[in-house]
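Fair warning: this is a prediction, and the values are worked out from it, not measured in the lab. Convention: sequence-line order gives letters A, B, ...; per-chain numbering from 1.
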There are 2 protein chains.
Amino acid sequence: MYINQATDYGFRAVLYLAQKDSPELADAQTISRHEVIPIRFLLKIMPSLIKAGIVKSQRGVHGGYGLARPPHDISLLDVLEAIEGPIALNRCLDDETLCSKQASVHCKIHQSLQEIQEQLAGELSRRNFADLMD
Amino acid sequence: MYINQATDYGFRAVLYLAQKDSPELADAQTISRHEVIPIRFLLKIMPSLIKAGIVKSQRGVHGGYGLARPPHDISLLDVLEAIEGPIALNRCLDDETLCSKQASVHCKIHQSLQEIQEQLAGELSRRNFADLMD
DNA sequence: GTAAAACTATACCCGATGAGTATATTTTAG
DNA sequence: CTAAAATATACTCATCGGGTATAGTTTTAC
């Protein structure tokens, strides 16, 4: 029941971009070195963060990455969902047809997990990257 | 970020044992049919529940499975941990040496995830199988 | 005391996913 | 034009999740 390693790297990359003082873009090499993330892997996950409107990028000679909005507007949930999609504690909460009992609506377990999932999502969205910077 | 399918089956099996009215043991066939769980798979996960002291079993002709303690003493967390081990939102919360930055102690992300994980565990342990029976 | 009904222990298979790598392409500054 | 950067696509490889198979062992009815 882990969150992905990619998501963990994503958290670190975003935090790095939030914390660096200069407003210039940071290139992948720099982020990779500071956060100890395999560069090819970093390069692969950045587009997801861009599509989600969390990070902006610039190609070319003095290109690199920067935050697309202020740190206090980026939650842990934003980054997690950008990289690994919507959270779902079990597969029938994601897609009811996957329940082998086909009983998700009146299934007490399902209902409990749903509530727990909502609490989890709430916690993840309450925490933003400005909080993490202190 | 799913919980295991095995855990989901475990929830159902325990709930079934809690809900059946007769105090006799239920054999694997019966549980499997009622809860739509592949029998071989069910047979594989039951020993974990037994080791955790949640379920008791009896071999032989009129053998089967029953709860080892009352439903209100069995939480979702009990079953989850019995089957898939302690929860950990990411690998460095499970084992610090797995953090590629080797920085878990003073890592704000780590700290946040730890708090969220504790909340999640709390929610899972607050809910017991007597609640689910209604 | 033996046969059948149960659970138990191992061990295997296979597809999906996670983690990471490689190659080729596009963009931009200078 | 060229070098430095990001992007796109596709690949590898190990692990894990889900499930199956085989061969037991224990218990009880008769």
- Axis-to-axis angle across the helix from C/dG1-D/dC30 to C/dG30-D/dC1, five pairs an end, to 10 degrees? 10°
- Item | salt bridge (charged side-chain N to carboxylate O under 4.0 Å, His left out) contacts in which one or both residues fall within residues 4-20 of chain A, not counting sequence neighbours | A/D8-A/R12
- Respond yes when some side-chain nitrogen or oxygen of B/Y65 is under 4.0 Å from OP1 or OP2 of C/dT8, and no when none is. yes
- Message: Within this structure, what is the NE2-CG distance for the pair A/H34 and A/L17, rounded to the nearest 0.5 Å?
- Response: 11.5 Å
- Query: Can you check the B/L43 CG to D/dG24 P distance for me, whole Å?
  - Reply: 17 Å
- Interface residues of residues 25-34 of chain A with DNA chain D (non-hydrogen, below 4.0 angstrom): A/D27, A/A28
- Task: Round to a whole Å and report the spacing from CG of A/L49 to C1' of D/dA6.
- Result: 14 Å
- Could you say whether B/P38 or B/Q58 is positioned toward the 5' end of DNA chain D, judged by the nucleotide with the nearest heavy atom to each? B/P38
- Message: To the nearest 0.5 Å, what is the distance between CG on A/L113 and NZ on A/K108?
- Response: 12.5 Å
- Query: Can you tell me how far the OG atom of B/S112 sits from the CD atom of B/Q117, to the nearest 0.5 Å?
  - Reply: 12.5 Å
- Query: Are B/I45 and B/Y16 connected in the hydrophobic side-chain network, where two residues link if heavy atoms are under 4.5 Å apart?
  - Reply: yes
- Task: Take atom CD1 of B/I37 and atom C1' of D/dT20, then tell me their distance rounded to the nearest Å.
- Result: 16 Å
- Query: Once you round to the nearest 0.5 Å, how far does CD of B/E84 lie from OG1 of B/T7?
  - Reply: 3.5 Å
Quick test: give all pairs of protein nitrogen or oxygen and nucleotides 13-15 of chain D nitrogen or oxygen below 3.5 Å, distance rounded to 0.1 Å.
none

- Task: Answer with base, sugar-phosphate or nothing: what part of the nucleic acid does A/I50 contact at a heavy-atom distance below 4.0 Å?
- Result: sugar-phosphate
- A/K56 atom NZ is separated from D/dA5 atom P, nearest whole Å, by 18 Å
- Query: Same hydrophobic cluster for A/I31 and A/F41, using side-chain heavy-atom links shorter than 4.5 Å among ILVMFWY?
  - Reply: yes
- Side-chain ion pair, A/D78 and A/R127, N-O less than 4.0 Å: no
- Message: What does the B/S/- profile of nucleotides 9-19 of chain C look like, 5' to 3', with a 4.0 Å heavy-atom cutoff to protein?
- Response: ---------SS
- Task: Please state how far atom OH in B/Y2 lies from atom P in D/dG18, giving the value in whole angstrom units.
- Result: 10 Å
- Query: Taking only N and O in the side chain of B/S57, is any of them less than 4.0 Å away from OP1 or OP2 of C/dA6?
  - Reply: no
- Message: Looking at C/dG30, I'd like to know if its phosphate oxygens (OP1 or OP2) sit under 4.0 Å from a side-chain N or O belonging to A/H62.
- Response: yes
- Message: How many whole angstroms separate atom CG of A/L42 from atom P of D/dT7?
- Response: 10 Å
- Task: With sequence neighbours excluded, tell me which residues meet ring-ring contact (aromatic ring centres under 6.0 Å, His included) with A/Y2.
- Result: none
